[in-house]
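Before any comments, here is the structure.
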Number of protein chains: 2
Amino acid sequence: MIEYSGQPHYLVAVDCIVFGFDGEHLKILLVKRGLEPEINKWSLMGGFVGADESPDDAANRVLKKMTGLEGVYLEQMQIYGEPKRDPIERTLSVGYFALIDIHKYEEQLNDDYEAEWFLINDRPKLIFDHNEMVADARKKLRYKAALHPILFEMLPKKFTIPQLHILFEEVNDTKIDTRNFSRKISSTGLLIKLTEKDRSGSKKGAFYFKLDKKKYAANAQAFLNLMPNLKV
Amino acid sequence: MIEYSGQPHYLVAVDCIVFGFDGEHLKILLVKRGLEPEINKWSLMGGFVGADESPDDAANRVLKKMTGLEGVYLEQMQIYGEPKRDPIERTLSVGYFALIDIHKYEEQLNDDYEAEWFLINDRPKLIFDHNEMVADARKKLRYKAALHPILFEMLPKKFTIPQLHILFEEVNDTKIDTRNFSRKISSTGLLIKLTEKDRSGSKKGAFYFKLDKKKYAANAQAFLNLMPNLKV
DNA sequence: ATTATTAATTGTCAAAACGACAATTAATAA
DNA sequence: TTATTAATTGTCGTTTTGACAATTAATAAT
């Protein structure tokens, strides 16, 4: 049996930056770490890549295990592999960011893992290089969301334009003209207007929309220019 | 001493898709694999991640070792981690794509490694999942180059607009209107016109340009819309 | 020397996209 | 009935885009 002799072996993990939106602010989901070192400190959801799974598989498994959710929007970000990033033993971690409808997880909340949503701008210090990962994920989310219609993934099936508007402002940390925004969103042709209105936010009420799944799938890779005056 | 008991350890490698441009066509640099299995088959430039280096370090080391080049444009692509991708032993590989000035390497060619440039569309079958990596790298190059001025990395210090034009057409596998192209490139403000002309290609001759390093650095992250009628 | 030729470069223009800004509308509360 | 508020639709000048044409700078042919 041939083998690659003498080469060092490492642990390989995945870590997920899970983004959610509560209607006002961008949030991330953190967990209390369950093993030494740094046990009980806040960290990203993560785990080791098992013998029979790919990193993508592992990320999905971790999310499923910790939130109960399947089919979550998940995107590979980059690998974190500085030799000393884990003080115990060399571990390379594949960073992912995930977008989920925050309400789905609130319903699903179980006590097996101590998980909690934090405002992105008011979160505890995290272990290892997880703070760096969050910063990278935020940058990547902003980048991607400026070109591709992915922020819908953080909204419920039915949503209003004003909701989407606030979400875009949150992600980009900027004000966007309401009038131009709705026109631009409409022009993508990705939304289907429903007859029902959301009356919770205003007297007039805002129409609910849903995604046109087919067009969404067809445009997931298209460049859209969703952000005005974009300078990265 | 604490340790992560019972978790499996893997080899971690890097593989580089090295792109070059010969003035007419896009090429990739391949090497004859130097170890079993699949010894002497064509493969990407790669190597294992050493104990004291990050994957980025490893990719740079591999490129330096095999081409003699330093400071090469290198971008992390994604991780390839299917459990069975390497038949000998589980190895995860971090894929990178690199852009180099093809002439720099031709000068530098040494015989320690059997390396050769291949037309991207006329290359030998590669080992393992390297064919998939090349396909992914091409897609990513196209994506990135449509938004960011990175293709300059494949040209010499002095280059002409027609050269750049052909390169864009090659990368995107499409025809681009010459007239609109030069205007768009000029409008980026990234080029400095030199007084010298390249007379090899035509009677009139084409002016040489060089990159405005400062503006290039400032715009490396900016969205530029370098491709007309862009549909991804 | 003059002319034909060729590729590089500059020019034109209508349509579309963009974005600053205003007016209208649909509801509720006073 | 009216005031109020947020959602929605509208206006319009500017900029960008991209299809297409004309000019220019050189060399090669006559």
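Just so it is clear, the model here is predicted, and its values are computed rather than measured. Naming convention: chains lettered A, B, ... in sequence-line order (proteins, then strands); numbering from 1 in each chain. All values below were derived from every heavy atom in this structure, side-chain atoms included, with hydrogens, water molecules and symmetry-related copies excluded.
Across the protein-nucleic acid pair, A/I176 atom CD1 and C/dC18 atom P stand 14 Å apart, rounded to whole Å. Here C/dA8 presents its P atom at 10 Å from NE2 of B/H165, a figure rounded to the nearest Å. In this structure, A/I185 places its CD1 atom 13 Å from P of C/dG19, rounding to the nearest Å. One interatomic measurement links the two molecules: CG of A/D198 to P of C/dA26, which rounds to 18 Å at whole-angstrom precision. Distance A/K184 NZ to D/dA7 P: 20 Å, rounded to the nearest Å. In this structure, B/F223 places its CZ atom 18 Å from C1' of D/dT16, rounding to the nearest Å. Atom OH in B/Y208 sits about 12 Å away from atom P in C/dA8, given to the nearest Å.
Annotation: cation-pi pair A/K193/A/F209 absent, no NZ/CZ under 6.0 Å from the ring centroid and within 45° of its normal. Cation-pi geometry between A/K125 and A/W42 is not satisfied (NZ or CZ under 6.0 Å from the ring centre, within 45° of the ring normal).
Defined by atom type and a distance below 3.5 Å, a donor-acceptor pair is missing between the side-chain atoms of A/D56 and A/S54.
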A/F168 and A/F181: CA distance, side-chain angles, deciding distance, ring pair (Phe, Tyr, Trp, His ring centres under 6.0 Å) verdict: CA-CA 9 Å; A/F168 265 83; A/F181 179 79; 5.2 Å; yes
Candidate pair B/T160 and B/D198, rule side-chain hydrogen bond (donor to acceptor under 3.5 Å, both in side chains), full reasoning: CA-CA 7 Å; B/T160 67; B/D198 168 26; 4.7 Å; no
Worked check of ring pair (Phe, Tyr, Trp, His ring centres under 6.0 Å) between B/F128 and B/Y80: CA-CA 11 Å; B/F128 304 166; B/Y80 293 82; over 10 Å; no
Could you write out each protein N or O paired with an N or O of nucleotides 2-5 of chain C at a distance under 3.5 Å?
from  : atom 1 : to     : atom 2 : distance (Å)
C/dT5 : O2     : B/K203 : NZ     : 3.4

Every protein N/O lying under 3.5 Å from an N/O of nucleotides 9-15 of chain C:
from  : atom 1 : to     : atom 2 : distance (Å)
C/dT9 : OP1    : B/F207 : N      : 3.0

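The pair A/K214-A/D212 fails the salt-bridge criterion, with no side-chain N (NZ, NE, NH1 or NH2) lying under 4.0 Å from an Asp/Glu carboxylate O.
With a 4.5 Å cut-off on side-chain heavy atoms, B/F21 and B/I102 do not count as touching.
The six-membered or imidazole ring of B/F159 lies away from that of B/H103, with a centre-to-centre distance of 6.0 Å or more.
Both distances falling under 3.5 Å, in either a Watson-Crick or a G-U wobble arrangement, place D/dT5 opposite C/dA26.
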